[in-house]
Amino acid sequence: MLLTCPDGGVLGLDEQIPQDDLYRLRHSTAHLLAQAVGELFPGVKYAIGPPIEDGFYYDFDLPRPLSEEDFPAIEARMHEIARRDLPIVREEMDRATARAFCERNNQPYKVELIDDLPEDTVISFYRQGDWSDLCRGPHVPSTGYLKHFKLLSTAGAYWRGDEKNRMLTRVYGTAWFTQEELEDYLRRLEEARARDHRKLGKELGLFVFAPEQVGSGIPLFLPKGEMVRHLMESYVREVQTRYGYQHVWTGHLVREDLYKRSGHYDNYRDAMFPPMQDVDAGITYRLKPMNCPSHMTLYNLSGLKSYRDLPLRYAEFATLYRYEKSGELSGLTRVRALTQDDCHIFCTEAQIESEFGLALRLIQEVLQRYGFTDYRVRLSLRDDNPDSKFVRDDEKWAKAEQALRNALDANGVEYFEARGEAAFYGPKADFLTRDALGREWQISTIQVDFIQPARLGCKYIDEHGQEQTPVVLHRAVTGTTERFLGVLIEQYAGAFPFWLAPVQCVLIPIADRHHAYAHQVAAHLQGAGFRCEVDGRNEKMGKRIRDAELQKVPVMLIMGDRDVENQTVSVRRRGEGDLGAKTLAEVVALFTQWRDA
RNA sequence: GCCGACGUGGCUCAGCGGUAGAGCAGCGGUUUCGUAAACCGCAGGCCGUCGGUUCGAAUCCGACCGUCGGCUCCA
């Protein structure tokens, strides 16, 4: 096995995986898995099997695909091999010997790996008993060290991550030093599943999917879900306005020609919904998959611009439609109808750094308001593969990349670099976060574009009366409302902060005779701008408290005879319990304080 | 799109060759209650769709649709 993880890039693995003991343990467990599969399925061809965060995987080319039903037998064999306590020994070979060895063992993937190793690489194998694998190491001393592991799932994976190649069978597993750590990890997985936004979205009545009736990847928002969306968007709109952004609106259909001119048609045709024909006029439309060309058109048609008009910032909450492949759809995090909080900033080259800084501060303010700290910033650059989508204009790319780096450095942002992740028109700074199950998603982004403005004929007149092409910064704050909401639900485990909760307060009158008072209190709070519901169901108070707690409503107001008499309500905070009786004025003051916190 | 698993009332799930079950939710009644589940009753499903095997299919086989876990992709 060749371990190309930390610097390989090929595997798309994160560079932060440390070469520590746990890494070594997992790496060896991957070998153990491979040996077990080899013993159970003679003729298996091995691909690669690296350690990954929390575990490992191994890719096999097998006569038949594995399913989880095969796991007990494989795990049993792994334990058996572990009990043999085979020493794991390193053996170095020269290239020709290594190649011949792998060919003799009918391991074509290993041969391919050897052929691709740089000239000066020391080629090593790790042997345990009569089983051996191409591998850089390091490993634990013997198979006896491997005790606390579990196979988790199978998956198809293309050889070398290329969909043109053969699909292999990948087995994922986890491994730990102690049984407690293993069990703890499995428990964490369980807990993560409990905060899955798809589950919570259903339980909390936020959204549904109707693949058979409306379509896959098109979330339908219930009143509570729409309330949260509305709050999220109003909030970002308020911040953007405060930062000098202007909001525009550009519709849902666009003539296809525009995307041919912008370059999107060539790069993303397959990911757009099929064209629509206006037969009478002979025009072809597309559902709008991105805003840039529309905003640039708006720029062009709203009068000739002077350098004094720049920077000009067009923001839009636009619902876009993208034909994501069926297998890629995932709850709210990957949808076909998505609402971006998009913005295009038209500016001069000299303004890039300050505009980037402004966008960055805006993003940081918003993420902080949401209590969002678990993200990292990726500087996404092009690669030098001549077949890739990136527009070829070295000078402009170099300029854009330098501008982005300067801006990141000037603002003291920590980031890591990823080649091949840029947009076709320029490099970007992407903000990545993880969902409950550890999958990484892009939220905020700032992109430098030296290409599209020229293609679409954007211009301004500089201080010398000369025509110039503006630079465009593409920028999204929360990314898409849908995805960000999905990630937020998981971060909060469904318990939204007071300002964002769709229902901020449930009023619980103890007996029927308290209903009128409850409605009176509710009306008062609604008048003060808070979202309240009266739970007047014929259920015991304890049951209604329980339901409100399970629905993650931040506040419950309970009222009985004492309260009616004293004109108070008894305040209960979710997860905290009874805070005692308060007057309405006190409640409004408390609510205001919680809302603005 | 590709590989694998799964698809039973609104929700969570049992049944896996012989005429469809439970809990929760819903509806009707009784109860009027002080901080996380009162009681009684009623109703609700062509078992994803289409085709095949069988005397007989929710149960076995196939195709399609959808969901889930990955892979690929992500303007």
Side-chain angles (χ1 to χ4, degrees), chain A residues 12 57 59 62 64-70 152-172 193 196 198-199 202-203 205 208-212 215-216 259 262-272 288-293 320 322-331 334 338 340 342 389 421-426 428 430 437 439 441-442 445 447 449 452 474 476 483 508-515 538-550 556-563 570-581:
Chain A
Y57 68 78
D59 286 348
L62 288 156
R64 71 162 172 93
L66 296 176
S67 81
E68 289 177 27
E69 287 178 18
D70 297 305
L152 297 175
S153 60
T154 62
Y158 301 105
W159 166 237
R160 304 208 138 172
D162 187 334
E163 62 182 329
K164 288 190 278 293
N165 289 339
R166 183 172 169 78
M167 181 159 272
L168 308 170
T169 300
R170 175 172 298 177
V171 176
Y172 283 97
R193 277 190 270 272
D196 188 316
R198 292 165 295 194
K199 178 176 150 74
K202 203 183 283 182
E203 289 172 1
V208 295
F209 283 93
E212 315 271 354
S216 292
Y259 299 137
S262 70
H264 289 96
Y265 183 85
D266 286 336
N267 286 301
Y268 300 108
R269 186 180 22 203
D270 293 344
M272 295 183 194
K288 187 170 71 174
M290 91 298 295
N291 297 307
C292 2
L320 309 175
R322 296 181 180 178
Y323 185 75
E324 305 287 5
K325 287 190 265 181
S326 58
E328 311 174 317
L329 299 173
S330 176
R334 195 72 183 272
L338 50 129
Q340 260 186 0
D342 205 1
K389 64 190 174 186
E421 294 292 330
F424 74 86
Y425 47 72
K428 359 177 241 166
D430 297 318
L437 297 174
R439 293 174 291 207
W441 299 98
Q442 181 186 311
T445 184
Q447 315 177 351
D449 184 355
Q452 281 191 81
H474 305 239
R483 171 176 297 177
I508 302 176
I510 290 173
D512 289 354
R513 62 181 176 278
H514 311 122
H515 280 200
N538 182 12
E539 295 286 353
K540 298 193 79 160
M541 178 195 62
K543 164 71 167 166
R544 285 175 286 162
I545 289 174
R546 176 181 154 81
D547 286 346
E549 289 274 350
L550 291 175
M556 286 142 268
L557 298 181
I558 293 143
M559 56 215 75
D561 291 336
R562 292 206 296 270
D563 298 291
S570 156
V571 179
R572 181 189 165 104
R573 196 107 220 240
R574 173 193 60 219
E576 290 176 27
D578 194 359
L579 303 184

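In the text below, chain A, chain B and the rest are named by the order of the sequence lines, each starting its count at 1.
- Residues passing the side-chain hydrogen bond (donor to acceptor under 3.5 Å, both in side chains) test with A:R269, sequence neighbours excluded: none.
- With both ends at atom P, the span from B:rU49 to B:rA57 equals 15 Å, rounded to whole Å.
- Listed by chain and number, the residues in a side-chain hydrogen bond (donor to acceptor under 3.5 Å, both in side chains) with A:K389 amount to none (sequence neighbours excluded).
- Across all strands shown, B:rG7 forms a Watson-Crick or G-U wobble pair, both distances under 3.5 Å, with B:rC65.
- Base pairing of B:rC13: its partner is B:rG21, meeting the Watson-Crick or G-U wobble criterion (both donor-acceptor distances under 3.5 Å).
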Contacts under 3.5 Å, N or O only, protein and nucleotides 3-5 of chain B:
| residue | atom | partner | partner atom | Å |
| --- | --- | --- | --- | --- |
| B:rC3 | O2 | A:G156 | N | 3.0 |

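- The pair A:K325-A:E163 meets the salt-bridge criterion, with a side-chain N (NZ, NE, NH1 or NH2) lying under 4.0 Å from an Asp/Glu carboxylate O.
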N/O contacts under 3.5 Å, protein versus nucleotides 37-43 of chain B?
| residue | atom | partner | partner atom | Å |
| --- | --- | --- | --- | --- |
| B:rA37 | N9 | A:R546 | NE | 3.4 |
| B:rA37 | N7 | A:R546 | NE | 3.3 |
| B:rA37 | N7 | A:R546 | NH1 | 3.2 |
| B:rA37 | N7 | A:R546 | NH2 | 3.2 |
| B:rA37 | N6 | A:R546 | NH2 | 2.5 |
| B:rA37 | N1 | A:R546 | NH2 | 3.3 |

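- In the displayed structure, A:E69 atom CD is contacted under 6.0 Å by at most 12 heavy atoms of other residues, nucleotides or ligands.
- Comparing the P positions of B:rG44 and B:rA5 gives an interatomic distance of 37 Å, to the nearest angstrom.
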Show each protein N/O and nucleotides 10-14 of chain B N/O combination with a separation under 3.5 Å, one pair to a line.
| residue | atom | partner | partner atom | Å |
| --- | --- | --- | --- | --- |
| B:rU12 | OP1 | A:K202 | NZ | 3.4 |

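- Across B:rC47 and B:rC40, the matching P atoms stand 32 Å from one another, rounded to whole Å.
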Check: protein-nucleotides 44-49 of chain B nitrogen or oxygen pairs below 3.5 Å:
none

